[in-house]
There are 2 protein chains.
Amino acid sequence: MIDPGLLPIQTTARDDAVLNALADFVMQEELQPGDRLPTERVLSERLKVSRTTVREALTRWEGLGLVERLQGSGTYLKGVVSRDMLHMPLTFASGNDFESLMHTLEIRRALEAEAAALCALRAGPSELAFIKQKLEVMEEAFHSRAGMSSDEDWDFHQSIYRVSGNPLFEQIISAMQEAFHRFWEHPLGVRDFGHASFPYHRKLYERIVAHDAEGARAEALKLIATVEDDLRRGAANLKLLDLK
Amino acid sequence: MIDPGLLPIQTTARDDAVLNALADFVMQEELQPGDRLPTERVLSERLKVSRTTVREALTRWEGLGLVERLQGSGTYLKGVVSRDMLHMPLTFASGNDFESLMHTLEIRRALEAEAAALCALRAGPSELAFIKQKLEVMEEAFHSRAGMSSDEDWDFHQSIYRVSGNPLFEQIISAMQEAFHRFWEHPLGVRDFGHASFPYHRKLYERIVAHDAEGARAEALKLIATVEDDLRRGAANLKLLDLK
DNA sequence: TTGGTACAATGGTCTGACCAATTTCTGCAC
DNA sequence: GTGCAGAAATTGGTCAGACCATTGTACCAA
């Protein structure tokens, strides 16, 4: 079998060249997010560079969140890649304290509200059905498990970001989600976290169906407000414990 | 809403461990940007991992712009590093096309509105004076030059981000602004870009002084809306040119 | 159908070597 | 002593080949 792309590399600055070649390959083969890339060993052979170099290049992409590596399985495309793409990694200090988490939540509230508004404006019938399905899965999980389920909840919100038509929303929010994960390894002791937010999900959906941008924005703000309240309660609990 | 725990266990995360160890080292030694890190070989020996692993870890940091490697010289710290940092890699479809600009503007609108609302809630007398001063400088520049001045305008908005009490607003926005800076100078050939937004600056300030969060949010939304209109007009102009 | 087992494929790590760019040292000319 | 050219050491970049750990798959037995 002869692949048209993936010609040998010649210049110096190998790993950069590898990334360009790989970007070309991805575009040429029209690979979608979720598709599997060629094996490191295959790339190494095709590009006539060592596997080390291939790995360094892929490590770059992995750090930028463009690609995901699964040991024993393969390397999978995680974002859209094209040769002329502007990568802008933001890094800043963000501790695990209450204040930092509150800051990220404020960013999230801002983006969530805007995404909801845009979503209300732009969602067509098929997009609405997509969101509705995510909503119903979430509600089902809520009732069967008697509590908020993070995965299904996340799917619902993610569907809104996607339908907003602006990929930046999803990128920024999902990057911040990692901060949440870190934080929740040391929970604040709040049980049923996010429980209060449940009813607002359907309200938000209804405003989107009605193409009511400002209404959707308002509901999204209320939803995040309940989460902030939970967080504040958790912080209060911690303070109580500290006093003992 | 958030993850309840049960994260996947990780048996192999050596390069991550290397980065944590390195972050600790940097903090312990109080290394500043520009300082040189230990050699790859030294790190390899000290951390009891192979040089390959050290290199993979450093490649991650290099990709995030935290570190710079100079062959024959060494690896140098390029940014501030701490153990718990939030990495937020964003990727744009590069370029000066209308759609990309619109996407960044949508993010900006989201953050601007939220920052304005928080600002209205949190601004004390001295903060209000700070914002007022920036506003007056901007207005002065507007009248003397008969047009919006990007620098003074940017200073005004930046003061709002700062008073919001959440550093993330300023960091995210300024990073995006930087990426498109050259383009914002003369966007799409629209003269008097941002001219229509002028009166809304003072209105926004007045809502902040009144500690009216929702009012401030609304004015910020209107302000960005005028910029979007300008952008749309520019896109229409370009399209006209294309047809010739 | 279920569950287990062997095997192949794939990413992760290691070792040791050599290359290329840079820095530092050395010794000679003046 | 000074200045400078060349040698030597240092350091990141690449390579080759090996082995480990995890995953996916095909096959077999209960």
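Residue numbers start from 1 in every chain, and the chains themselves are labelled A, B, ... in the order their sequence lines are given, proteins ahead of strands. Any value given below was found using the heavy atoms of this structure, including those in side chains, with hydrogens, waters and symmetry copies removed.
- In this structure, CZ of A/R36 is placed 13 Å from C1' of D/dT25, rounded to the nearest angstrom.
- Taking atom CZ of A/R60 as the reference point, atom P of D/dG13 lies 8 Å away to the nearest angstrom.
- Closest-nucleotide positions on DNA chain D for A/T52 and B/Q71 were compared, and the one nearer the 5' end corresponds to B/Q71.
- Between A/R41 atom CZ and D/dA18 atom P the separation is 12 Å, expressed in whole Å.
- Taking only side-chain nitrogens and oxygens, A/R51 never comes nearer than 4.0 Å to OP1 or OP2 of D/dG17.
- Atom pair B/E45:CD and C/dG16:P shows a separation of 13 Å (rounding to whole Å applied).
- Between the OH atom of B/Y76 and the C1' atom of D/dG12 there is a distance of 11 Å, rounded to whole Å.
- Between B/E40 atom CD and C/dC19 atom C1' there is a gap of 14 Å when expressed in whole angstrom units.
- Shown here for A/L47 and A/A21, the closest heavy-atom pair between the two residues is CD2-CB, 4.1 Å.
- Here the closest non-hydrogen pair linking A/V67 and A/L58 is CG1-O, 4.3 Å.
- Rounded to whole Å, atom C1' of D/dT10 lies 16 Å from atom CZ of B/R69.
- Taking every heavy atom of both residues into account, A/A113 and A/A220 meet most closely at CA-CB, 3.8 Å.
- Between B/E62 atom CD and D/dG12 atom P the separation is 11 Å, expressed in whole Å.
- Closest-nucleotide positions on DNA chain D for B/V42 and A/V54 were compared, and the one nearer the 5' end corresponds to B/V42.
- Here D/dT14 is the nucleotide among D/dT14, C/dG12, C/dC14 with the atom lying nearest to any side-chain atom of A/S50.
- Residue A/T39 is classed as a sugar-phosphate contact, given heavy-atom separations below 4.0 Å to backbone atoms only.
- Between B/R60 and A/E62 there is a salt bridge, with a side-chain nitrogen of the basic residue lying less than 4.0 Å from a carboxylate oxygen of the acidic one.
- Among the heavy atoms of the strands lying under 4.0 Å from A/L70 are primed sugar atoms or P, OP1, OP2 only; no base atom is included.
- More than 12 heavy atoms of other residues, nucleotides or ligands lie within 6.0 Å of CD in A/E206, so this atom counts as buried by the packing criterion.
- Using a 4.0 Å heavy-atom criterion, one finds that A/S73 contacts the sugar-phosphate atoms exclusively.
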